[in-house]
Each structure stands twice: as structure tokens, then as C-alpha cells.
Q: 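Once you've had a glance at the structure underneath, I'll fire off some questions.
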Amino acid sequence: DTAVSQTPKYLVTQMGNDKSIKCEQNLGHDTMYWYKQDSKKFLKIMFSYNNKELIINETVPNRFSPKSPDKAHLNLHINSLELGDSAVYFCASGTSGAYQETQYFGPGTRLLVL
Amino acid sequence: ILNVEQSPQSLHVQEGDSTNFTCSFPSSNFYALHWYRWETAKSPEALFVMTLNGDEKKKGRISATLNTKEGYSYLYIKGSQPEDSATYLCAFWALSSNYQLIWGAGTKLIIKP
């Protein structure tokens, strides 16, 4: 069983389009995250979501919005895609959102904006 | 700006040799230091979380140490095997990091048979 799954794995789309990436975790975790792997391979936190509390990285454009229909899902919606949005996006979940938690990552979604 | 630096960026090691690499982080307001292992085409997987100065953790041939006063952690691999080839990421959590993990770019380890 896949603990954290993301769909799609690959996404190729045109500039200006709106797209969503889905994430589901079956670990019963309370906290979920979205990361962007930038061009220098750093993992940059975009959002964390814990018990309906959303913490947003202030550097994330408001074209990006997380949507959580329930505790097991945190989807990422992107409006008006730009070339610079091309990256690998990782979803993760953790037990508590606290400093000692282990995070479990999904396989990543490779987004290419043309 | 909070930065985590890892060195070297990449490392080629002969099978059977031991190796180590470094993670440097801001030492103020420190809460925890995490090590993750990231194999190509897979997702990052947790190795260790360390919180106390002087902490040492071990998992098989891999071990890690922590110095919170000077802001560094070492990861050691003893008797490297081909399956150790991966990128090793460290991440730290501090009060000043807004309760988020701040990640390094990783050390890419390649084991030569």
C-alpha cells in the first residue's frame, strides 16, 4: 500500500492554464505539506496544513492554493500557470507538525509549463 | 534568511570505503536536525532525527552526530555498499523557522563498485 500518493506523476501544460495536483495519505496523519523542489534541488515548503490550520510560506504566489476536503487529502491548485512554475512538487504528511516528527513523502509530480 | 548547507555537493566513494559528510545550520533557537535518504526515482525517507547536543544515532552502517552549539551534524557511512548510493538530505527545525523544516540541497553519494 502506498502511504502517500500523488497524481498525476507528470503534468505538461500550457502557460496560463489552471491545474490541480492531488495528494492522499493513508497513514492517519494530522499534518500534510506541499514542497517545491527548486532549480537548485532545494525542497522549499509551500504550505503546511494541520487540523484545519493553514500555514503559508509568504513567498508562495497566491496563484497557488491548497484545498483539503478531509484529513487524508491535501490538493494543490495552481491558477494561471507560468513558465517558472515548472518544477517537481512533493506532498508529505507527518504525525504532529512538531519538530520531532518524521515526514513521509509522495513520489512527486513533475510539472512542465510550456 | 535561514540556510542549511551541506558539503560536499557530491561524493564518489569506492565500495567498501567509509565516508562522511556535513550539514551546517544556524545554531540559534535550535529544535531538531533531521537526516533523510533520497534514492533516485523514489521519495525522501527518514533516517534520523536528533534534538540534543552530542546526540549520536545509528542505523546499521549509517550513523550521525550532532553539535548544536557550533551548528553542524555529520553523517557517517561505514563500509559503503552500492545500495548506499543516494542523495542525503539534512533539514533543521528552529523556533525562527516558523515551525517548518528548512532543507539543505543534499550530498549526492555515488558508490563505485
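Chain letters run A, B, ... following the sequence lines, proteins first, then strands; residues in each count from 1. Worth saying up front: this structure is predicted, and the values here are computed from it rather than measured.
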Q: Out of curiosity, A:E101 CD to B:H34 NE2, how far, rounded to the nearest 0.5 Å?
A: 7.5 Å

Q: Counting only heavy atoms closer than 4.5 Å, note whether A:Q37 contacts chain B via side chain, backbone, both or neither.
A: side chain

Q: Hey, what do you get for NZ (B:K42) to CZ (A:F105), rounding to the nearest 0.5 Å?
A: 16.0 Å

Q: Between A:G106, A:G108, A:A92, which has the largest tally of heavy atom pairs under 4.5 Å with chain B?
A: A:G106

Q: Between the side chain of A:Y104 and the main-chain N/O of B:A46, is any donor-acceptor distance below 3.5 Å?
A: no

Q: How far does CZ of B:F48 sit from OG1 of A:T102, to the nearest 0.5 angstrom?
A: 11.5 Å

Q: What distance separates B:S43 OG from A:Q103 CD, expressed to the nearest 0.5 Å?
A: 12.5 Å

Q: Atom CZ in A:F42, atom CD1 in B:I102: separation rounded to 0.5 Å?
A: 11.0 Å

Q: Same hydrophobic cluster for B:V49 and B:L33, using side-chain heavy-atom links shorter than 4.5 Å among ILVMFWY?
A: no

Q: For the CH2 atom of B:W103 and the CD1 atom of A:I45, what is their distance to the nearest 0.5 Å?
A: 9.0 Å

Q: Do B:I111 and B:Y76 share a hydrophobic cluster, counting only Ile, Leu, Val, Met, Phe, Trp and Tyr and linking them when any side-chain heavy atoms are less than 4.5 Å apart?
A: no

Q: Side chain, backbone, both or neither: which part of B:L89 has a heavy atom under 4.5 Å from chain A?
A: side chain

